[in-house]
2 protein chains.
Amino acid sequence: MDVFQAVADPVRRSMVERLADRGEVTAGELAELAAERFGIRQPTASKHLKVLREAGLVTSTADAQRRVYRLDPGPLDELAGWAARQTRFWAGRLDALERHLENDHDGSTS
Amino acid sequence: MDVFQAVADPVRRSMVERLADRGEVTAGELAELAAERFGIRQPTASKHLKVLREAGLVTSTADAQRRVYRLDPGPLDELAGWAARQTRFWAGRLDALERHLENDHDGSTS
DNA sequence: CCCGTACTTTGCCATACAGCTATATAGCTG
DNA sequence: CAGCTATATAGCTGTATGGCAAAGTACGGG
């Protein structure tokens with residue numbers, strides 16, 4: 001699953017936000033968070049973590065039975081970059097568009 | 001459907017990219033693009049446009065039978081902002097994380 | 001070495017969603 | 001106004017995905 005799909009789910013976004021906030025978080029804490037906010041069970045949370053892992057958004061390392069998760073900024077940068085690029089266009093031509101809309105109102109061409 | 005879900009689909013992303021590139025594009029052109037790139041039919045493309053509209057990513061105006069679509073930068077900015085915020089954290093603490101990983105290797109605690 | 005803790009995996013169901021064809025709507029054009 | 005063009009809607013279907021409970025795996029402690 002790609003990054004766009006991975007962050008399409010609010011549960012997974014909330015997990016990403018927690019990781020961004022705390023840096024390192026165990027699977028258990030993330031599951032608890034998901035339980036509180038969305039009322040989902042631990043195995044479901046684990047499934048979401050798997051999706052995040054496969055999308056490359058997070059990595060996990062074992063600490064005894066605990067799995068410690070952390071963000072990988074790469075895919076998020078890609079996402080931010082894509083979204084930013086789509087709007088950068090408008091910065092350049094926004095006034096042109098506005099002029100066009102104005103012209104539409106008065107109907108005259110200068 | 002929210003912005004995250006809307007851009008989760010590659011067909012819709014390609015439409016957004018085209019709109020970012022051209023500014024104003026008719027439904028027909030967008031359908032043609034989707035047909036070429038993804039082999040999908042006109043009604044399916046129309047459905048995708050509806051999703052983009054409902055997510056607030058695009059607006060459309062009528063020009064005779066044509067529907068002219070254009071991007072609304074607002075939701076895209078939100079998206080870019082969200083993704084950027086999740087990574088901004090790392091900028092601040094990245095070196096701390098790296099130190100932590102180094103310590104893990106040698107196993108000693110200072 | 002067996003039990004509890006911490007997760008992941010498996011197998012199952014329901015719903016959401018993308019795709020299709022066929023049809024409806026709307027506006028130009030002859 | 002008939003018919004073509006442009007687009008949207010309706011109705012249907014297959015598959016993907018999210019949710020659950022139950023079972024499997026792995027580790028540390030008594």
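Chain naming here is simple, since letters A, B, ... match the order of the sequence lines and numbering starts at 1 in each.
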Take A/Met1 and A/Gly39, find for each the nucleotide of DNA chain D with the closest heavy atom, and name the residue whose nucleotide sits nearer the 5' end. A/Met1
Could you tell me if the side chain of [Y] sits less than 4.5 Å from the side chain of [X], heavy atoms only?
X	Y	result
A/Trp82	B/Arg13	yes
A/Leu30	A/His48	no
B/Ser46	B/Gln42	yes
A/Arg12	A/Val7	no
B/Met1	B/Glu54	no
B/Arg70	B/Thr61	yes
A/Val16	A/Leu76	yes

Starting from [atom2] on [N], measure out to [atom1] on [X] and report it in whole angstrom.
X	N	atom1	atom2	answer
A/Leu52	C/dC7	CG	P	15 Å
B/Lys47	C/dC17	NZ	P	11 Å
A/Ile40	C/dT15	CD1	C1'	17 Å

List in numerical order all residues of residues 9-18 of chain A for which some heavy atom is under 4.0 Å away from an atom belonging to DNA chain C. none
With sugar-phosphate meaning primed atoms plus P, OP1 and OP2, does B/Tyr69 contact a base, only sugar-phosphate, or nothing at under 4.0 Å between heavy atoms?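 Result for B/Tyr69 = sugar-phosphate.
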Please tell me if B/Gln5 has a side-chain N or O lying less than 4.0 Å from either OP1 or OP2 of C/dA16. no
Indicate whether OP1 or OP2 belonging to C/dG19 is found under 4.0 Å from a side-chain N or O atom of B/His48. yes
Can any side-chain N or O of B/Arg41 pair as donor or acceptor with the backbone N or O of B/Ala35 at less than 3.5 Å? no
Looking only at atom types and distance, does a side-chain atom of A/Arg67 sit under 3.5 Å from a main-chain N or O of A/Ala27, one as donor and one as acceptor? no
Give me the first and last nucleotide of DNA chain D, going 5' to 3', that has any atom under 4.0 Å from a heavy atom of chain B.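 Contacts span D/dT5 to D/dG11, reading 5' to 3'.
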By nearest nucleotide on DNA chain C, pick out whichever of B/Arg41 and A/Ala27 is the more 5' one. A/Ala27
When both distances are under 3.5 Å in a Watson-Crick or G-U wobble arrangement, the nucleotide paired with C/dG30 is D/dC1
